[in-house]
Amino acid sequence: MELQSKIRIKDIAERAGVSVGTVDRVIHGRTNVSKASYDKVQKVLDEINYVPNHYASALASNKTYYFAAILPMHEVDSYWARVENGLIDGLRRYQDFKITFKIFRYDPFNDASFEAQAQLLVDSKPFAVIIGPIFSHGIMTKFIDRLTELNTPYALIDSNWPEFHPVTFYGQDSVRSGEFAARITHMAAGNAKKIALFKIIGEGRVASRQQLDREAGFRSYMKEHCPKTEIVVLNLYVYDKEGMKERLREFFTEYPDVNYGLTFNSSIHIVADFLREEMPKHKRVTLMGYDAIDSNVQCIKDGSVDFLIAQHPQKQGLNCLRTIVNACILHMKQKVEHYVSIELLTKENIDFYKD
């Protein structure tokens with residue numbers, strides 16, 4: 001094997017018996033190369049184990065790239081705030097390129113909000129798109145079809161829709177995550193007669209397909225391993241924050257024997273805070289939720305929440321941006337599905353969790 005550093009495009013052209021321009025087109029995957037010429041060049045590239053310098057080539061092109069993301073609206077202390085931080089961190093790492101970036105935010109409980117923001121995104125004509133989860137398969141299909149028509153590459157984050165063939169996906173395997181939550185529940189709650197599932201609802205549903213898949217995995221495991229345990233569901237309405245307290249009070253009064261509860265999103269602190277502040281004399285309830293946001297971490301530390309399932313949202317954002325840049329600007333082949341770790345956090349290890 002020859003050392004690549006000593007091989008110039010001119011040398012490859014001479015060895016292959018073609019022009020320098022032909023070698024350049026083959027290396028960068030451009031058209032207008034005959035099969036005979038392509039085979040000659042590729043044979044030389046294989047002989048010298050040639051690896052193109054994608055980074056230098058992209059810089060030399062001097063192009064400007066506009067990336068867009070469409071993500072759920074969120075509060076400062078939230079899972080999605082951490083995803084955005086990861087995306088921005090990724091942009092800083094590629095600051096050598098002329099990349100601009102804009103985030104379009106939608107109400108995750110309102111399909112019309114997503115459609116409106118998706119249209120604004122499409123009208124802005126991005127080079128590539130990063131898509132957060134949306135509940136409606138039909139609306140998602142319509143959006144993806146439009147991006148495909150425009151030949152706009154896209155990545156998915158948090159919720160996977162493999163049928164849409166994205167450039168890349170970063171997030172948990174939601175069904176397996178739900179099964180994992182059920183296993184921990186089985187270990188922690190034993191053969192409890194009842195456990196509580198708290199759902200944050202808006203417009204008659206949860207926010208994303210991910211939560212549905214987690215619940216499906218959870219129920220499947222519980223049906224097989226804890227068939228006698230009843231799962232009691234309490235819906236908490238996102239647009240009625242004051243009403244949440246009354247519904248929680250009614251629930252724990254009606255079901256005083258429930259001593260285990262969980263959520264499939266980052267809202268378990270709502271239940272923990274209620275029990276601590278509004279019903280301090282109520283018997284101890286073991287609680288499990290998702291995501292190491294500040295509110296949940298504080299509940300873990302003060303003992304009002306027992307378990308958190310974490311998934312490194314900032315790393316998801318960073319790695320999703322990195323992968324789509326590598327694929328679409330540097331033209332480097334990338335793995336499509338990236339399932340992130342399913343990690344269990346407790347009071348004993350929360351201080352060592354780093355995103």
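Numbering starts at 1 and runs along the sequence shown. These numbers were taken from a predicted model, which means no experiment stands behind them.
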Self-check item: Atom pair CG/CZ of Asn259 and Phe252 - distance to nearest 0.5 Å
Solution: 10.5 Å

Quiz item: Side-chain donor-acceptor pair under 3.5 Å between Gln314 and Asp89, yes or no?
Solution: no

Quiz prompt | Value rounded to 0.5 Å, distance of CZ in Arg322 from CD in Gln334 | solution = 6.5 Å

Quiz prompt | Spacing of Leu212 atom CG and Arg209 atom CZ [to the nearest 0.5 Å] | solution = 9.0 Å

Quiz item: Around atom CZ of Arg247, are there more than 12 heavy atoms of other residues, nucleotides or ligands at under 6.0 Å?
Solution: yes

Quiz item: With a 4.5 Å heavy-atom cut-off, do Arg284 and Asp306 have their side chains touching?
Solution: yes

Quiz item: Using a distance-only test with no angle check, is there a side-chain donor-acceptor pair under 3.5 angstrom linking Thr185 and Tyr260?
Solution: yes

Quiz item: Looking only at heavy atoms, what is the nearest atom pair of Gly261 and Val285, with distance?
Solution: N-CG1, 4.2 Å

Self-check item: 4.5 Å side-chain heavy-atom contact, Ile350 and Thr346
Solution: no

Quiz item: Can any side-chain N or O of Asn235 pair as donor or acceptor with the backbone N or O of Ile201 at less than 3.5 Å?
Solution: no

Quiz prompt | Approximate separation, where rounding is to 0.5 Å, of Arg276 CZ and His282 NE2 | solution = 15.5 Å

Quiz item: So, are Asp11 and Arg15 salt-bridged, with charged N and O less than 4.0 Å apart?
Solution: no

Exercise. Go through the steps to decide whether Lys194 and Glu254 satisfy the test salt bridge (Lys or Arg N to Asp or Glu O under 4.0 Å), and finish with yes or no.
Key: CA-CA 12 Å; Lys194 294 184 179 69; Glu254 182 179 357; over 6 Å; no

Quiz item: At what distance, to the nearest 0.5 angstrom, does CZ of Phe67 lie from CD1 of Ile324?
Solution: 6.0 Å

Self-check item: Separation of Glu278 CD from Glu246 CD (nearest 0.5 Å)
Solution: 10.0 Å

Quiz item: Does the separation of the ring centres of Phe114 and Phe143 fall below 6.0 angstrom?
Solution: yes

Quiz item: Does the side chain of Ile144 reach to within under 4.5 Å of the side chain of Ile131, using non-hydrogen atoms?
Solution: yes

Quiz item: Checking Lys228 side chain against Asn191 main chain: does a donor-acceptor pair fall under 3.5 Å?
Solution: no

Practice problem: Examine the side chains of Gln316 and Asp158 and answer whether a donor and an acceptor come within less than 3.5 Å of each other. | Solution: no

Self-check item: Any Leu308 side-chain heavy atom under 4.5 Å of Ile268 side chain
Solution: yes

Practice problem: Give a yes or no on whether the backbone of Pro72 and the side-chain of His74 come within a donor-acceptor separation of less than 3.5 Å. | Solution: yes

Exercise. Decide, yes or no, whether a salt bridge links Asp257 with Lys193 under the criterion of side-chain N to carboxylate O below 4.0 Å.
Key: no

Practice problem: Report, as yes or no, whether the 6.0 Å neighbourhood of atom OH on Tyr38 holds more than 12 heavy atoms from other residues, nucleotides or ligands. | Solution: no

Practice problem: Mark yes when over 12 heavy atoms from residues, nucleotides or ligands other than Glu75 sit less than 6.0 Å from its CD; otherwise mark no. | Solution: no

Practice problem: State plainly whether the residues Lys245 and Asp273 are in salt-bridge range, i.e. N to O under 4.0 Å. | Solution: no

Exercise. Measure from NZ or CZ of Arg214 to the centre of the six-membered ring of Tyr290, then state whether that distance is under 6.0 Å and the direction lies within 45° of the axis.
Key: yes

Practice problem: Compare all side-chain heavy atoms of Glu84 with those of Ile103 and state whether any distance is below 4.5 angstrom. | Solution: yes

Exercise. Could you tell me whether the side chains of Arg176 and Tyr221 share a donor-acceptor contact shorter than 3.5 Å?
Key: no

Quiz item: Take atom CZ in Arg205; do more than 12 heavy atoms of anything else shown fall under 6.0 Å from it?
Solution: yes

Quiz item: With no hydrogens and no angle check, is any side-chain donor or acceptor of Ser124 less than 3.5 Å from a backbone partner on Leu121?
Solution: yes

Quiz item: Is a side-chain N or O of Thr141 found less than 3.5 angstrom from the main chain of His137, in a donor-acceptor match?
Solution: yes

Self-check item: Side-chain ion pair, Arg82 and Asp294, N-O less than 4.0 Å
Solution: yes

Quiz item: Counting N and O atoms only, with roles assigned by atom type, does the side chain of Asn319 sit under 3.5 Å from a partner on the main chain of Lys315, one being a donor and the other an acceptor?
Solution: yes

Quiz item: Heavy-atom distance under 4.5 Å between the side chains of His312 and Ser341, does that happen here?
Solution: yes

Quiz item: Is there a donor-acceptor pair under 3.5 Å between the side chain of Thr229 and the backbone N or O of Ala192?
Solution: yes

Quiz item: Quick one: does Asp291's side chain have a donor or acceptor within less than 3.5 Å of a partner on Ile293's backbone?
Solution: no

Practice problem: Determine whether more than 12 heavy atoms belonging to other residues, nucleotides or ligands lie under 6.0 Å from atom NZ of Lys283. | Solution: yes

Self-check item: Ser159 side chain vs Pro133 backbone, donor-acceptor pair below 3.5 Å
Solution: no

Self-check item: Partner of Phe169 by ring pair (Phe, Tyr, Trp, His ring centres under 6.0 Å), out of Tyr339, Phe164, Tyr154, Trp161
Solution: Tyr339

Exercise. Give me the one residue out of Phe264, Tyr237, Phe274, Phe251 that meets ring pair (Phe, Tyr, Trp, His ring centres under 6.0 Å) with Phe198.
Key: Phe251

Self-check item: Side-chain donor-acceptor pair present, Thr22, Ser19, cut-off under 3.5 Å
Solution: yes

Self-check item: Phe127-Tyr66 aromatic ring centre distance below 6.0 Å
Solution: no

Quiz item: Do Leu321 and Tyr94 touch side chain to side chain, with heavy atoms closer than 4.5 Å?
Solution: yes

Quiz item: With distance as the sole criterion, is a donor-acceptor pair present between the side chains of Tyr239 and Asp107 under 3.5 Å?
Solution: yes

Quiz item: Is a salt bridge present between Asp351 and Lys301, judged by a nitrogen-to-oxygen distance below 4.0 Å?
Solution: yes

Quiz prompt | Side-chain heavy-atom pair Lys199, Val233 within 4.5 angstrom cut-off | solution = yes

Quiz item: Would you say Asn326's side chain and Met332's backbone share a donor-acceptor pair under 3.5 angstrom?
Solution: no

Quiz item: Does a salt bridge link Lys43 with Asp39, judged by any charged N lying under 4.0 Å from a carboxylate O?
Solution: no

